[in-house]
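For reference, the structure is listed below as structure tokens.
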Amino acid sequence: MTTYDLIAVGRACIDLNAVEYNRPMEETETFSKYVGGSPANIAIGASKLGLSCGFIGKIPDDQHGRFISNYMSEVGIDTSQMAIDKDGHKAGLAFTEILSPSECSILMYRDDVADLYLEPSEVNEEYIKQAKMLVVSGTGLAQSPSREAVLKSVALARKNNVQVVFELDYRPYTWKNAEEVSVYYSVVAEQSDVVIGTRDEFNMLENVTEGNNDNTVAYLFQHAPELIVIKHGVEGSYAYTKEGETFRGKAYKSNVLKTFGAGDSYAAAFLYALTKGKTIQEALQYGSASAAIVVSKHSSSEAMPTVEQIEALMEEQSN
Ligand SMILES: Nc1ncnc2c1ncn2[C@@H]1O[C@H](COP(=O)(O)OP(=O)(O)OP(=O)(O)O)[C@@H](O)[C@H]1O
Ligand SMILES: O=C(O)C[C@@H](O)[C@H](O)C(=O)CO
């Protein structure tokens, strides 16, 4: 019996998004606080779409930690496996700059953050067993002991026939060099059932400067993956199956306010659609429509849409 459609493992942090748009961060005075961190955003998005979700992570024993855990519980995520750091480590902070709808950047504060102190002993087999799908975020592999905790969660998922979804989620902070990224990304990608990332993230995985999708899928399909999704921003996304099919998902038109949050909302809705038995082609459209909604809004997590909003956009732009 599975209790959770999806359990995500990795960071749950704080986003501080510029309230004043279209100006550099130097001139931004006001920021709004949201829960952030790619795997947390994916779990929040999936939970808002009605999937039953759990989360494995580590949060600080302070006001930010409680804010994160309260918000995640309020949207329906099981937070029983979010360990509380007792050693004074703090939440990661992401300050966002919205220079223009297409020029956004994130200034991350991630030194010694609580999420990277998740211990393997805090990953529980009985919990993972209860999931249909484990969503692993690449950033959790950046440092020990979180690295070993994530590797353990993947091993336990495989042992218990839980589908492993690897969201590459490459963030340069906290990684030492490109070789290291490629080593750990390859280890996990080769053991995953589904791998999702941008073209640039697959380049990091393969440690190449200009990879191409054909080479990527030829390499990964020699291993466990059955489905690979490669995103190309506004140009849309491609899904490849081990059987040799290719699907293309177009990006939807959007009144873009900022670009971040696209990848997380995409993953949440793509995985929702697959869980509900939609086709891969439909899942690409759900992901793209969800992303188009989130890039038109101020936050990543709070802006995650409902199924009705996604389907309304798909219908509106069906021609
Ligand atoms: N400006 C946009 N307008 C509409 N849809 C977009 C836009 N940017 C991205 N998308 C949609 O979101 C999907 C994922 O975007 P992208 O490839 O930029 O992911 P990402 O880099 O992981 O996102 P993030 O910026 O959150 O890290 C795209 O395939 C596309 O469907
Ligand atoms: O992933 C992060 O740590 C930052 C996110 O929370 C932020 O909302 C974002 O960049 C989403 O893509």
Side-chain angles (χ1 to χ4, degrees), residues 8 10-18 31-45 57 68 71-72 91-98 100-110 113-116 135 137-140 142 166-174 195-204 213 229-239 247-270 283-305 310 313-314 317:
R11 70 192 184 287
C13 308
I14 304 275
D15 280 355
L16 292 158
N17 290 1
F31 297 85
S32 284
K33 182 175 77 169
Y34 302 100
V35 172
S38 175
N41 287 340
I42 294 173
I44 292 165
I68 293 166
Y71 181 83
M72 290 178 70
L93 303 179
F95 286 86
T96 61
E97 175 181 65
I98 308 177
S100 75
S102 58
E103 295 168 289
C104 300
S105 66
I106 301 183
L107 185 58
M108 290 242 182
Y109 286 62
R110 287 196 52 74
V113 283
D115 56 88
L116 290 174
V135 178
S137 131
T139 296
F166 186 24
E167 220 304 333
L168 300 183
D169 173 37
Y170 172 67
R171 303 279 180 188
Y173 329 92
T174 59
V195 185
I196 306 176
T198 63
R199 183 58 255 167
D200 290 346
E201 288 173 332
F202 280 98
N203 291 347
M204 293 302 300
N213 295 1
V229 178
I230 307 183
K231 298 174 291 177
H232 293 256
V234 276
E235 284 155 41
S237 52
Y238 295 88
F247 302 91
R248 177 161 191 193
K250 65 164 192 178
Y252 287 92
K253 288 195 251 355
S254 170
N255 192 4
V256 182
L257 185 128
K258 45 85 175 141
T259 54
F260 49 84
D264 301 337
S265 48
Y266 180 99
F270 179 80
L284 289 173
Q285 300 310 152
Y286 272 76
S288 306
S290 171
I293 293 169
V294 168
V295 294
S296 73
K297 303 255 166 71
H298 191 245
S299 75
S300 299
S301 53
E302 182 64 21
M304 291 288 174
I310 292 176
L313 181 75
M314 288 166 66
Q317 295 189 33

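For ligands, and for the atoms within them, numbers begin at 1 and follow the listed sequence. Side chains are part of it too, since the values below use all heavy atoms of this structure and drop only hydrogens, waters and symmetry mates.
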Ligand 2-proximal atoms of Thr139, by part, heavy-atom distance under 4.0 Å
neither

Stepwise ring pair (Phe, Tyr, Trp, His ring centres under 6.0 Å) check, Tyr286 with Tyr266
CA-CA 8 Å; Tyr286 272 76; Tyr266 180 99; over 10 Å; no

On a heavy-atom basis, I'd like to know which of Tyr252, Tyr170, Tyr238 is closest to atom 5 (N) of ligand 1.
Tyr252

Just let me know how Ile106 lines up against ligand 2, side chain, backbone, both or neither, with a heavy-atom cut-off below 4.0 Å.
side chain

Closer than 4.0 angstrom, basic N to acidic O: yes or no for Glu167 and Lys231?
yes

Distance-only side-chain donor-acceptor flag, Asn255 / Ser296, under 3.5 Å:
no

In terms of its nearest heavy atom to atom 16 (P) of ligand 1, the top option of Ser290, Gly233, Gly287 is Gly233

Backbone, side chain, both or neither: what part of Thr259 comes under 4.0 angstrom of ligand 1, heavy atoms only?
backbone

Of the side chain and backbone of Asp169, name the one, both, or neither that has a heavy atom under 4.0 Å from an atom of ligand 2.
neither

Judged by heavy atoms only, the candidate from Asp200, Val234, Leu284, Val229 nearest atom 7 (C) of ligand 1 is Val234

Within ligand 1, which atoms have a heavy atom of Ala291 less than 4.0 Å away?
11 (C), 12 (O)

Testing the 3.5 Å rule here: is there a donor-acceptor pair between the side chains of Asp264 and Ser300?
no

Distance-only donor-acceptor check, side chains Glu97 and Ser105, under 3.5 Å:
yes

Are Glu103 and Ser100 linked by a side-chain donor-acceptor pair shorter than 3.5 Å?
yes

So is there a nitrogen or oxygen of Gly37 less than 3.5 Å from a nitrogen or oxygen in ligand 2?
yes

